[in-house]
Every structure is written in C-alpha cells, then in structure tokens.
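Below is one structure, written out as structure tokens, with a few remarks after it.
First listed ligand is number 1; within each ligand, the first listed atom is number 1. Keep in mind that this is a model prediction, so the values were computed, not measured.
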Amino acid sequence: MDNKYLAKALRYVWQKGKWWLFLSVTLSVVTGCFPFLTLWVSKELINEVTRFIQSSTKEYALLLLLLVGQFMLSILSSAVKNIREYLDKKMECTLDFDVQQMILDKTSSVPVMYFDLPDYHDHLQRISGGGARFLSPVRSVIDMLQAGISLFSYALFLIVIDWRLVILSLVATIPIFYIQAKFGQRRYRLHLKQSPVARAADYYKYLLQDRKSAKEIRLFGLASFFRERWAEKFMQNTGETLRLEKKQQGSEVGLEAFSAFFYMGIAVSVIWLARTAKMNIGEFVAIIQAVQGAQETFTRISMLFAKLYEEKLFIKDFYQFFEREDERILIAAGNEPFPSTIRQGITFNQVSFRYVQGDKEVLSDISFHIHPHEKIAIVGQNGSGKTTLVKCLMGLYPPTSGQIKIDGRSIADIDENELHKNITVIFQDFIRYDLSVRENIAIGNIAGIDDLDRIRKVAELSGADAFIRKLPEGYETYLGRLLADGEDLSGGQWQKVALSRALFRDSQVVILDEPTAALDPIAEMDIFSKFKLLTENKIAIFISHRMAASRMADRIIVMKEGKIVEMGTHEELMALGQEYYQMYQMQAQWFSSEREGEREAVGWTS
Ligand SMILES: Nc1ncnc2c1ncn2[C@@H]1O[C@H](COP(=O)(O)OP(=O)(O)OP(=O)(O)O)[C@@H](O)[C@H]1O
C-alpha cells in the first residue's frame, strides 16, 4: 500500500527531473565502486611500500603510479559528492516550487467547509515540508543502490579470502536494522500525534508576532499568558520527542557493544587467517578495512531502510491529502449556466442546514421567495443564522435538506464560477489586502485591474473617492504595513473600499453582510440609500443590525434561532407589534432627543 505511493513519488520525480534521476543513479553506481577501488589501491600501495623499504631496489615507478591513483580516487570521489549535492539542491528547488504549488492549488480549491475541520488543518501542517521531504525517499532508494554496490564489492573481496567473514560481518548489523525500523515507525506515529499540539503552539506564536494582535496583546497584558501557553505546547512535544530519542540512543549503545563484540571476533579470525594462510601486510590491512567497510555499509543500509519507512508514510500522507474526501462534505459540481437575466427570482424551499461539526440546526425549514430587482433586509439577533443563510445561497455550504433555486434552477446544478460571478457578497469580515487602493477595489473583478476609470467611478459611488484622492499617491497608495511602508485606513474607510469592491463586480445579486457596521449612522444611511439606487436593476440583500436601514428595503425578513419568524414591509411588521417592532423600538431609544439631528438624518420615526 505504502509502496504504491512510493512508486507514484518515483514516477513524479522521474517526470519532473529525468536528467536528475539519470545522473543521480549513474553517479551513485560510480560512487558505489569507489570503496572497492580504494581498497585495492591501498592494498597494492602498502605491499609496494613494504617492498620498496625492504629491498635495495630504486624502482619506484609503480609506487608513484599507485600514489597518483589514490590521489585521483580521492579527488574523483569528492568531485562526484559535490556534483551530487549541487544536483540534489537544484532538484529540491524544482520540487519545492512544484509541491508548494500543488498544495496551494488544493487549499484554494477545496470546499470552504474543510476549513471548519481541525483534522484538515492538522493534515495540512503534517505535509508541509516542501521539495526536500518529497525528494528524500527517492534519495534514500538511490543511496541504497549505491550502498548495495559497495556492499557487494566488499563481500566479493572477502569471499575470495573466506566466505565466513561475510556472514560474520553481516550478522552483527541485523539488530541495528531491527532497532532502526522500530524507532522509525514510532517517530512517525509520534509526529502524527504531535501535529495538533504543534499547530496550537504555532497559533500562540502567531498571536505574539502578528501585527493585528499586537495592540490587544499589549493593552490586555497578554504576552506572558500566550508565551506560557506556547511554552507548554512546545515543551509537551519536545519532551515526547526527547523521551523517544533517549530510548533509541539507549538501545543503540547496547547494540554497538554487541557489534563491537562481533568485530573483535572477526579481528581474531583475520589474525588467525593471517597466521595459517600466507598473507602479506597489504592483504591483511585490506581485509580489516573490508570487514569494517561491509559492516558500516550494512548499518547504513539498515538506517536507510528505516528512514525510507518513515518517508514512505510521509509520502502516503502527502498523497492522501490530495485524495481527501469527507463524505460529510460532498458538494455536487454543477455545470449549468446562471440565468443571463433573473426573471423569476430566488426561492428558498424548506431549507435546513447544520454545520458538519455542529450538533444543532442553524437554519431550520426556511422558505421564501425574492423577486427580481427586490431589495431585502435580513435582521435578527446575533447567531440567528443570517450569515449562514447567505453562505448557503452562495453555494459555499450546501443545505442539509431543502433546495435553493434561481429561476427554477437549483444552485447545486449551476457552475460554481458562474454562481460566484453573478452573486457578490461582502462579508462583515472582508479582507483588507496589503495591496494598493486600486488593487483593493479591483479584487471585486480582477480582470479589470487596469480599468482605473471604472475603479474611480465605483469609488465615487461608494463615497471612497473623496478620501482616496487625499492619500499621498491617490489610487496607487499602498495599504497596510506588512510588505511596505503603506497607509492605514480607518474601519469606516475600509468599509467604503469593500463596498466599491462589490460595485466593481457588477453582478446580478449583491449581498452586504454588515460591512457597514464601522460607519457612523449617517454615513451608513447614506451608503444604503446609494446602494439602493446602485442596485436598482439587481436583487439586493443586506444584513444590518441598524434597524433604520432596514426601512429602505422592499421587504424585511426577521430571523430568530435559525427560523424566519416575520416577513413583510416595515409598516406591516411595525403594525404586527412583535419581534421586529420590539427590536426597532429598542434601538430607537438609543437615539436620545439630544441627538435629534442624527435621529432625523437616519430617519428614525417610531
Ligand atoms: N463555521 C461554523 N461552524 C459551526 N458553527 C457555526 C459556524 N459558523 C457559524 N456557526 C454557528 O451558527 C449559528 C449562526 O451563525 P451566523 O453567523 O449565521 O449568525 P448571524 O445571524 O449572522 O450572527 P451575527 O449577527 O452575529 O453575525 C451560530 O450559533 C454560530 O455559532
């Protein structure tokens, strides 16, 4: 099963870097032969030096040749090593870019509902590691090939002397192999277990480092509170990692003693062989080196196997992230077009909705119809389900039961891009991008990023143009301070930018989910009346806690605990004297007679 993913990774690396794989394998085969050549040259060299010292002959041509050979081998071996390191780094960068791109493609296209699942975030955290982690198992396989060739050449050398030397050298490394594999598995399991804790530690660290939280951290004196939380999570993971490391190192001490014991046995056997068989000093040294080399290489292969095991699990986890499908989150991929002009309207038919991890219905049996060009206000207490209703209409969260239709066509059947092109929402937590003002408005329709005339026009309509003109570089002024020394806007100014963004999109349905909350009541009323004019030929839905604004709507929907409790015009609902009436009256009291001017401006009449 894991091998299936490893084969997939190998195919992928082959696809991305045929030359890298070819050169890497070739250089590994060459490197694999070096130990044998080095062994042979040093054996001949020692014999030649002995002969040169012991005899009176001045014949040193062969000696020089062998010295040059040894020199060339060490130069060649270091050159091959450095070339491989460079090639690996290059390939790592290529994969890094590609793998990160794959992850970004996935994270920007999964259903929004995935972001509500902690398990999704844990998985994402586990697979982050870039190209290096992806290349690593492929490297391990190639390194194993190289070690295999070296081992084969050592074994060949020893078999010629005595086959039992090969068996003895290999037996000593079997326990090492076992321990490495066992701890590789444990390390990976620990890594799986630790990712939620690591994510929590990252979150506390982020709060202590981010610009947005910097103010509150200081004002509420939260630095040590969050530092302690971060330290607790950090130390929890570090403690577990160190405990496992201690166990592994402890086991390895015992094993090394076992290997050393075997090595002693081998040394005794070689000395015995040297006494019985006729052996010169060069051969004796070469056998010792070959035994040691075979043992080291076999230990290396064991470690590579254990490493590969761990890496295979990573690769499996990586691919499973892309195959991830939560049966609770199955969004039908519709392919029908959005009506070019809405003629019948939008219908909610017995729509109920429950969040994946939630235990109660957030929307319950919602039914209503919006006519073309109608202006709808949705009001209701916090948590009554207003935003959720909008998210369902946008197709971001499919209803648990019931249907939402546009001109009789279920939104589940409409192509997602078409849907988002024709329905624009500005949510209360809209993003304040660290981009220029022009770009911040053009976000509404990125294809028109260079259409400054239209950008200016929508900014005039939303009332943003007046303050944008006063900025140091007008529409090109950079907003934010993360990437450059830009300008800061007030909350209300940001909301005007967001409103411009909605108008710039020019879709058939425009929804404002309280993006005007930071505006003063007069500015908000001004925007709503403009908004009504601007959306004359569109369906407009606005959610606002300011009851006076809802008066401008053709119809008001009152929500309570996930249900529609009242629906009608301002006058009808006031006459009803229930939920809406109470909410309206309660807010009216906030406008004291001392603020009569404001009261009049926002149109309060009880
Ligand atoms: N992603 C989510 N996962 C689980 N529950 C959620 C999620 N988002 C909202 N809820 C819950 O759904 C309920 C309705 O939330 P919603 O945001 O729709 O209310 P709202 O009427 O827009 O509130 P407000 O006026 O405060 O903006 C709340 O109880 C909230 O806790």
| message | My understanding is that only one of R189, K193, K233 makes a salt bridge (charged side-chain N to carboxylate O under 4.0 Å, His left out) with E240; could you say which? | response | K193

| field | Test ring-ring contact (aromatic ring centres under 6.0 Å, His included) applied to H373 - qualifying residues, sequence neighbours left out | value | none

| Do D513 side-chain atoms and I426 backbone N/O form a donor-acceptor pair below 3.5 Å? | no

| field | Non-neighbouring partners of Q403 that pass side-chain contact (heavy atoms from CB on, under 4.5 Å), sequence neighbours left out | value | K405, S410

| How would you list, by chain and number, the residues with a heavy atom under 4.0 angstrom from ligand 1? | D116, Y355, Q357, K360, V362, Q381, N382, G383, S384, G385, K386, T387, T388, K391, Q428, E514, H545

| task | Would you please name every residue forming a ring-ring contact (aromatic ring centres under 6.0 Å, His included) with Y120, sequence neighbours left out? | result | Y114, F115, F321

| Given F225 and F220, is the ring pair (Phe, Tyr, Trp, His ring centres under 6.0 Å) satisfied, shown in steps? | CA-CA 10 Å; F225 173 75; F220 293 136; over 10 Å; no

